Q: 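Below is a structure I'd like to ask you about.
Bear in mind that the values here come from a model prediction, so they are computed numbers and not experimental data. Quick note: numbers below take in every heavy atom, side chains included, and nothing from hydrogens, waters or symmetry partners.
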Amino acid sequence: MNGVILYQSKYGATKKYASWLSEETGFPAVETKKAKIEEIQLYDVIILGGGIYASGIAGLSFLKKHIGVLKGKKIAVFCVGASPYEEKAVQAVYQHNMKDQLADIPCFYCRGAWDVDAMNLVDRNLCKMLRKAVAKKDPSEYEVWEQALMAAGEESCDWTDPKYLEPILEMLK
């Protein structure tokens, strides 16, 4: 079985998961920006990883653009977010992203990291505005992601863990 791990990582957590997955499988890890479909289509297994931003999965556009050429391949997606795993939220991300020709592709969730200092100015300001909006709510009514956002605050947190890759590795067996 030959495969490749495609990934798009803005702040490093997705790249870390792609590296761990590469070590476990022996598949090369390639940034989506550097991926050429002529090379990718030679693989039997394609795993794409991307961070979650505004409910979208980074890098998924590569898969959408080339899904016709990749028919018959074993394809999986993993998304990386700062929130703890919560079934309802993960299902919402799946339904938002994995539509039409992507609907039958399995999608896995890996918890990422949070580092306000590493964020670009736009992301940092968006997060600050979001925190202000959430702070106006009653904490007992916070959703899981809101609890995580408020708990992280300005601190750097890294929740990455290879255990999140176990379901992907199991799928490959």
Q: Only counting residues at least two apart or in another chain, list the ones meeting salt bridge (Lys or Arg N to Asp or Glu O under 4.0 Å) with E87.
A: none
Q: Can you name the salt bridge (Lys or Arg N to Asp or Glu O under 4.0 Å) partners of K128, sequence neighbours left out?
A: none
Q: With sequence neighbours excluded, what pairs up with K74 under the side-chain hydrogen bond (donor to acceptor under 3.5 Å, both in side chains) test?
A: none
Q: Could you pull out every donor-acceptor pair under 3.5 Å between side chains of residues 45-66 and any protein atom, sequence neighbours left out?
A:
none

Q: Which residues pass the side-chain contact (heavy atoms from CB on, under 4.5 Å) test with Q95, sequence neighbours left out?
A: Q91
Q: How would you list, by chain and number, every residue that makes a side-chain contact (heavy atoms from CB on, under 4.5 Å) with L42, sequence neighbours excluded?
A: none
Q: For a quick test of your reading: what N or O donor-acceptor pairs under 3.5 Å do the side chains of residues 22-31 make, sequence neighbours left out?
A:
| unit_1 | atom_1 | unit_2 | atom_2 | d |
| --- | --- | --- | --- | --- |
| S22 | OG | F27 | O | 2.6 |
| T25 | OG1 | L21 | O | 2.8 |
| T25 | OG1 | F27 | N | 3.1 |
| E31 | OE2 | K34 | NZ | 3.4 |

Q: Taking side-chain hydrogen bond (donor to acceptor under 3.5 Å, both in side chains) as the definition, give me every residue that meets it alongside D138, ordered by chain and number, with sequence neighbours left out.
A: S140
Q: I'd like to check the side-chain contact (heavy atoms from CB on, under 4.5 Å) partners of P167; sequence neighbours left out, ordered by chain and number.
A: F108
Q: Side chains of Y11 and V80, heavy atoms from C-beta outward: is any pair under 4.5 Å?
A: no
Q: What residues, two or more places apart in sequence or in another chain, satisfy side-chain hydrogen bond (donor to acceptor under 3.5 Å, both in side chains) together with N97?
A: none
Q: Which donor-acceptor pairs under 3.5 Å do the side chains of residues 158-166 make with protein atoms, sequence neighbours left out?
A:
| unit_1 | atom_1 | unit_2 | atom_2 | d |
| --- | --- | --- | --- | --- |
| D158 | OD1 | T160 | N | 2.9 |
| D158 | OD1 | T160 | OG1 | 2.6 |
| D158 | OD2 | K16 | NZ | 2.7 |
| T160 | OG1 | K16 | NZ | 3.0 |
| D161 | OD1 | K163 | N | 3.0 |

Q: Not counting sequence neighbours, which residues clear side-chain contact (heavy atoms from CB on, under 4.5 Å) with K36? List them please.
A: E38, E39
